[in-house]
Amino acid sequence: MALQEERYNFRETEAKWQNTWAEQACFKTEANSAKPKYYVLEMFPYPSGRLHMGHVRNYTLGDVVARYKKAKGFNVLHPMGWDAFGLPAENAALERGVHPGAWTRQNIDVMRDQFKPLGLSLDWSREIASCDPEYYKHEQKMFLDLVKAGLAYRKESWVNWDPVEHTVLANEQVIDGKGWRSGADVEQRKLNQWFLKITHYADDLLTGIDTLDRWPDKVRLMQRNWIGRSEGARIFWPLVDANGTDRAEPLEVYTTRPDTLFGASFCAISAHHPLAAELAQNDTGLADFVAECSRAGTSTAAVETAEKKGYDTGLKARHPFKPDWLVPVYVANFVLMDYGTGAIFGCPAHDQRDIDFARKYDLPVRCVVAPADEDPDVFSKNIESNNEAFTGDGVAINSEFLNGLRVDEAKRAAIEKLEGLGNGKGTVQFRLRDWGVSRQRYWGCPIPMIHCESCGPVAVPDTDLPVTLPEDVTFDKPGNPLARHPTWRNVKCPSCGKDGLRETDTFDTFFESSWYFARFCSPHLDERAFDKDEAMKWLPVDQYIGGVEHAILHLLYSRFFMRALSDCGYIDLKEPFDGMFTQGMVCHETYRTNDGAWVEPGDVRRDGENALRVSDNAPVNVGRSEKMSKSKKNTVDPHRIIETYGADAARLFMLSDSPPERDLEWTESGIEGAWRFLNRLWRLATEALNIPDGPVPDKSDTAVLTVERQIHRAIATVGDDIEKFRFNSAVARIRELTNAIATLDRKLDGADAVYRFGVLSVAQLINPLMPHLAEEIWQSLGQTTILAKAPWPTFNPALLEENTFTLAVQVNGKLRGTITMATDADKSACEIAALALPAVQKQLAGQAPRKVIVVPKKIVNIVAA
RNA sequence: GCGGGUAUGGCGGAACUGGUAGACGCGCCAGACUCAAAAUCUGGUUCCUUCUGGGAGUGGGGGUUCGAUUCCCUCUACCCGCACCA
C-alpha cells in the first residue's frame, strides 16, 4: 500500500484515482434521477494552446462546488467544452501557415490532456466545441429564426473598424477607443452589418437585474450602467432656411433637461446626422468639417483634449415654446449620432459642454435654474459671467410658466406643455445599442444569408444548412479569405434562382458563448440546438464561475439570448445564470533588469534583500505583483507545478491563500507550504492505520471529548464555508482540526477511536478540495466506497454544544481577564465572578462600580466610577 | 469628470447580527534530531515599555455607544468600471 512510503507519492496516487473515477464514470450526470439537480459551470475556455494558472483557479473553484454538491445529494451537471472560434487561430494561420481549424483542434487535444491531471469532476461525455458544424449549424438556424422574429436585421451604419484585425468591433469590444485585442486606434466606417436587437429587451434586461440576487453587486451595477436608462423628452424644433423659408421637416432633439428649455441658445447635430449629409452636398465647408469629424479618434486622450468645434449650417430652429425665438443650428463634433436622436439643444448655463461651445462661438448664456437658498439675480449673474455650468438641483428662474418649480417638477411641467402643443413627448432613452454581429473574418460561424441583386438578402433554406466553412483558403494577405475564395461565394438565389453571392461575414464569437450552456443539457442532439425539456430541467445554471472581464459582454449577451430564444419558442426562460461568481486574477511579482528587460521568475535568485538574474548575476528590480502575462514574463506554468507538487497541492494553494473573489499572488513558498500540509495529512493518516475499526465510545476522557466535539464543529463549519465560497476559511478550519487531532494524547481513554474518526472525517472534508489524497486516505483506512460517490459527513448537533464558555471581563471596555464559566451560569453569577477577579479589584481601587453590563455567554463590562 | 470598491502584524488573510483584534498559513527567531544539510518536531513572533506589570493599536481625524475592524461624518491613498450618453 502506498501509505508505507515516507513521503506522499502524489504521482502514482493521483493517476490511480483519476483512472478509477473515469472507469467508474463517477462524474457522469445521471439521466433519470430523483435527486434535485445542480448545474455548475465555469466559463468554457478558448483553446489557446496551453493551460494557464487562471484556468487552474477557475476550474478548481468550480470543482469544489461540483464535488461538494454531489456529496450533498444533488444530481450534478458539470460539463466542459471549447469556445473554439476566434482570432488567434487566424493569426496562427497567418504566422505559421497552419489551417485555423487544424491549429484549434490540436490545441483542444493538448489542453484536454492538460485538464485531466487536475482531477476535475467533469462529465466529459458532454464535451462540445463551438467550431464543429454540429454545433454552429444550430446557431445558423437560430439566427434565421431571429430574423423572422424581427430580432435580427441588416442595416448600413457607422461601425467601429479595427485597422489591424481588419474587422468590425462591437461597442463592448472597444476599450478606451482601441480594439480590445489589437489595441489599435479604432476608426469609424460605414458598412452594411447584421445586428441583433438587444435594445428590444433594454427595459427587461434592466429590471431583470433586480432578480439576480446571487450575482456580485459590482457586475449588476456595471450592467445597469451599460444599459444606461435615462428619462427625458424628444422635442421637435421647426427649422427655417437661411433665406427665411420654413422647412417641411422639424429637427428632433433628445434631452434629459426639458426644464432648461428657456436657457437654450443653439441646436447642434452630429456630423453623421442625415441633415448634415444633405446640407453638405451644397456646402463644401460643411463637407470638409464632416470628414474631419469622422477621422477624429475616440480614445481617452483624443476626447479629453478635443476642442468643442462646430460648423454653422445657416439654418435656424424655432423655440418650441416661442416660435418667434430663433436659435442657430450647428453641426458639432461632440454630438453622437447613435445616442438619442443625434441632435441636441444647447443650454450653456446648465451643461459644461454647451458652455464650452457657447464661449467659443460667442453664443448667449442664460441661467434658468438657481439653488433654492441663493439670490437668483446674484447667482445667475455669476453663472452667466463665468465658464462653469451649474448642473445641480434648484428652482426654475427666467422661465415664464416654469418659474418657481423645482427641477423635477419643471421637467414634468415642460413635458406636459410640449405634449399639449404637439411638439414634444416624454420618453425613456437607453445607452444600450443593438449588437452588431458581423465580422469580416474566416474563423467564425458563417452567416447563413445569400445576397441577390433582385431579392436582396435571402435566408439560406433550412435544407441547405449548415453553411460550412471551406477548407481551401489562403491567409497570405490580410482581410477575409472567404471574400476572395474563387467559388465558395457563388450560389443561386434560393428565391428567384438567379446568380447570388453568399454573405462572407461570420458571427462575432460571442454568438457561440451566448447559448452553449443550453447545448450542454443535450449536447449530442442533432436535429435541434437543444432539447427544450432538458434545458428547462437544468437551466438556469445554479453556479456560474468566471472572470469579471465578462461582466458586460458575455453575461449581457447571454441574458439577451435567453429572452430572444424564449420569444422564438426554443425555451421559456429569461435568466440563464442564477448564481454568478467572479473570481480574482492570478498574479505574480514582476522582475526587470536595470535596462528594463523583463525576467522570468525561474531566472531570478533572491540573495537577502537583493535579487539577481541567475544566468548572468545582473541585478533585478522586484516590481509589484501583477496579473500573470506573457509580456511581463511573470507566468508560472501549471504543468510544471503539477509535475513537481501534484494537482492537490496546486488546488490547495489556489484555495487557501486568498478569498476566491480577490487576486491571488502566486509564490513558490506558498505552493511549498501546501505541499507540506499534504504530507502532514498523510502522516496523520499513517498513524491511524493500525487502529482497528470501531465505534467512538460514549464516555471518554475530557480531552478526547474536546477533540471529538471539534470534529463535529469542523464538519458543520466547513460545509457552511464551502456554501458561502469561503474556501480559505474552510482550509483554516481543517488545519485547526488536524492540529487538534495530531496533538491528541493517544494514551487517553477513547483516544484511538476518536483519532481514527477524526482522520476519516478529515478525508471527507478535504474531498472537494484535495480529492486524490482524500480518496487515498479513505481507502487506506479500509473504506470500500469511493469518496467521490459518498455523501457529505453529518455532525451531531448535541456535540456542538459546549458545557463551559470563556467569559471575557472588561473594565471600562478594556480586557482585564477571562473566566471559564458553566454554560448555564446566569447573569448574576457572571457578575459576581467578574467582580471577584483580582485584576478587576485593582482597577476599581475600592470604589463601587457605576454600572455592570453582562452579555450572556460573552462578556462582562464593568464601568468604573 | 461620473459611478463603485478597498485599506487589519514583515506578508496572505480571520473576526458570525456592535462584545476577548490578529484564527489559519507564509516568513522569521530559538531549541530538538543530525557529522552536516534537507525533512520533521517543540516553543516564540502586532508595536512600545521602567516587563510577576503597564500602555498603544484595524489608513488619518471626529462622532454615536458601557463597548467600534464592524455604525455615522470627514479627509487621504490605492484599485476597478464607464466616459463628449445631452
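Quick note on labels: first sequence line is chain A, next is B, and so on, each numbered from 1.
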Record whether the side chain of A:Arg353 comes under 3.5 Å of the base of B:A86 through a donor-acceptor pair of N or O atoms. yes
Could you tell me whether A:Thr256 contacts a base, only the sugar-phosphate backbone, or nothing, with contacts defined as non-hydrogen atoms closer than 4.0 Å? sugar-phosphate
Please determine, for the side chain of A:Leu336, which listed nucleotide (B:G13, B:C26, B:C85) has the closest atom? B:C85
Glycosidic class, syn or anti, of B:G59 using a 90° window around 0: anti
What nucleic acid atoms does A:Ile853 come within less than 4.0 Å of, heavy atoms only: base, sugar-phosphate, or nothing? base
Could you pick out which residue, A:Asp657 or A:Val731, lies toward the 5' side of RNA chain B when each is mapped onto its nearest nucleotide? A:Asp657
Between A:Asn739 and A:Arg680, do the side chains contain an N or O donor and an N or O acceptor separated by less than 3.5 Å? yes
Identity of whatever pairs with B:A32 - Watson-Crick or G-U, under 3.5 angstrom: B:U40
Answer yes or no: are there more than 12 heavy-atom neighbours, outside A:Lys360 itself, under 6.0 Å from its atom NZ? yes
Sugar-phosphate only, base, or nothing, as touched by A:Arg816 at under 4.0 Å among non-hydrogen atoms: sugar-phosphate
Look at all strands and tell whether A:Lys842 reaches a base, only sugar-phosphate, or nothing, counting heavy atoms closer than 4.0 Å. sugar-phosphate
When you measure from the side-chain N and O atoms of A:Arg662 to the phosphate of B:G13, is any distance below 4.0 Å, counting only OP1 and OP2? yes
Hey, does A:Thr667 reach any base, or is it just sugar-phosphate, or nothing, if we go heavy atoms under 4.0 Å? nothing
